[in-house]
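Residue numbers start from 1 in every chain, and the chains themselves are labelled A, B, ... in the order their sequence lines are given, proteins ahead of strands. Hydrogens, waters and symmetry mates play no part in the numbers below; they use all other heavy atoms, side chains included.
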Protein chains: 2
Amino acid sequence: MNRNSILRPDTVRSRNTTAILDAAELEFAEHGFKGTTIASIAKRAKLPPANIHYYFGSKEILYQTCVERIFDIWKGAAEAFDEIDDPVVAFSLYITRKLDISRERPSGSKIWANEIIQGAPTMHAFLAKDLYEWTNSRTALFRKWQSEGRLKPVNPNTILYMIWATTQHYADFYHQIRVLNDGKELDEAQWEEIKSDVCSIILAGVGAKSDFSAKQVQVDQTAK
Amino acid sequence: MNRNSILRPDTVRSRNTTAILDAAELEFAEHGFKGTTIASIAKRAKLPPANIHYYFGSKEILYQTCVERIFDIWKGAAEAFDEIDDPVVAFSLYITRKLDISRERPSGSKIWANEIIQGAPTMHAFLAKDLYEWTNSRTALFRKWQSEGRLKPVNPNTILYMIWATTQHYADFYHQIRVLNDGKELDEAQWEEIKSDVCSIILAGVGAKSDFSAKQVQVDQTAK
DNA sequence: ATCTTTTCTGACTACTTAATCAGTTAAACC
DNA sequence: GGTTTAACTGATTAAGTAGTCAGAAAAGAT
């Protein structure tokens, strides 16, 4: 009855499940799990309410499917650190990507925020395993950079939290930001300025250096 | 019937309203407005459900009263900028105070976050007036500092948002932070390290200088 | 001690909403 | 074109929840 949901694209099934998930993501982000009704999702997806239960057995399952979709997107941004051994480039790339996601898919970030605020009832397993491991491998990299003098000796977790907090703030608190922007949406130029300023503040803040030995060489050369 | 709620302390009324507000703050923070039931607040406050309606006419009024209490606390921290003309001291003090609040009253921050994520249905008026004016007076101060060379030329709003985002992250995302801290609560030493690291990163990031002319003098002296 | 006001609460009402299901329509296949 | 499978949906059920209210209990005043 409810199989091969994501297989062959552009069937009735795939079109409807996508429409429902898109609608659900917006509703859950804006009203939380409890505050969202099947009826409101149905209305937004332009389908009758019983149809939601036809494709997804329950509100809970629909919510979890939503959350899983968000994970996949976020994992992509995390790859910035994977192969790049230059803190300046790696941080800049990661911050830029996360700000792009905050701009393009703020709902995902909001659902995540809601989840964590409420003690991660649905995602706890993911936090304790996937995120825990990813974070530890990144902080290990930060420590390596610190031992090479390419990063200031501050707690590596704090660096990550500041980046997460700041980049996600532009999704989660966008309503507040818009009010403080005289009620106007952030335009293209403002987003570019934000990316540039956040990168500049973080890079200077954590003392990121592209290559310490290279810099030393340069200094030596200047000295000659 | 429902007057002088906060007047004479330690009456039955004041004790009960405080108990209800404390319980409501925790419940609203953890489950959002919709997700919180009068029954759960009553249970936490150890009072029968009908009692909540006796003191507060409705769930909505109780929620608004909660939100107003949070405002008062936050306003206190904002005073750090009011009289101090030294960016290093002012930023350090503000960040430290906000982190203290995140530690001591995380519920308030969570309720605020929930509100903004959902488009600030209750606080919009406050945002558009009080916060708007406060923010503008602070960014004006930042611009003054920038013109004196005591602050790097980045968008002043971005500086504020980074501070808000980071300090509130330690309240709103505490659950995630605890998981990544091997499931353990942050201890006294860790909180001190966070304060110190966040101040250090922000101050270096925005290029805050206590007094540019004083530094010049020092440099001149060294040159002699 | 009696009266008045405040505090309190069990029982009830009106409403919302997730989930079910029986039966209908549409699509796919042979 | 007939048969099977998938898609759909109106009507109903069951559970939960905000808010009401009449009257009891306690506190306070005289």
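In this structure, CZ of B:F56 is placed 15 Å from C1' of C:dT7, rounded to the nearest angstrom. For the pair A:I20 CD1 and D:dC8 C1', the interatomic distance rounds to 11 Å; values are reported in whole Å. In this structure, B:H31 atom NE2 and D:dG16 atom P are separated by 16 Å, rounded to whole Å. Following rounding to the nearest Å, B:I52 (CD1) and C:dG10 (P) show an atom-to-atom distance of 12 Å. Distance A:L47 CG to D:dG10 C1': 16 Å, rounded to the nearest Å. One can place OH of B:Y54 at 18 Å from P of D:dG19, the figure rounded to the nearest angstrom. Atoms NE2 (B:H53) and P (D:dT17) sit 13 Å apart, rounded to a whole Å. With rounding to whole Å, A:K46 atom NZ is found 19 Å from D:dC8 atom C1'.
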Please report, to 0.1 Å, the donor-acceptor pairs under 3.5 Å made by any side chain of residues 74-82 of chain B, with sequence neighbours excluded.
from	atom 1	to	atom 2	distance (Å)
B:D82	OD1	B:R138	NH1	3.3

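Within residues 36-45 of chain B, no residue has a heavy atom under 4.0 Å from DNA chain C.
Among D:dT9, D:dC8, C:dC8, the nucleotide with an atom closest to any side-chain atom of A:Y55 is D:dC8. When distances are taken from the side chain of B:K59 to each of C:dC8, D:dG19, D:dT20, the shortest belongs to D:dG19. Nearest to the side-chain atoms of A:N51 among the listed nucleotides C:dA18, D:dT20, D:dC8 stands D:dC8.
No donor-acceptor distance shorter than 3.5 angstrom exists from the side chain of A:T139 to the backbone of A:N157, with no hydrogens or angles considered. Formation of a donor-acceptor pair under 3.5 Å by the B:D187 side chain with backbone atoms of B:A189 is found in this model. A donor-acceptor pair under 3.5 Å is absent between the side-chain atoms of A:S109 and the main chain of A:P106, judged by distance alone. Proximity of a side-chain donor or acceptor of B:K59 to a complementary backbone N or O of B:F33 within less than 3.5 Å is detected.
Checking each of A:Y132, A:W164, A:W112 against B:Q176 for a side-chain hydrogen bond (donor to acceptor under 3.5 Å, both in side chains) leaves exactly one that passes, namely A:W112.
Proximity of A:R13 to the phosphate of D:dA7: a side-chain N or O atom is located under 4.0 Å from OP1 or OP2. Taking side-chain N and O atoms only, B:K34 has a distance below 4.0 Å to OP1 or OP2 of C:dT17.
Between B:H169 and A:H169, the ring center distance fails the sub-6.0 Å criterion.
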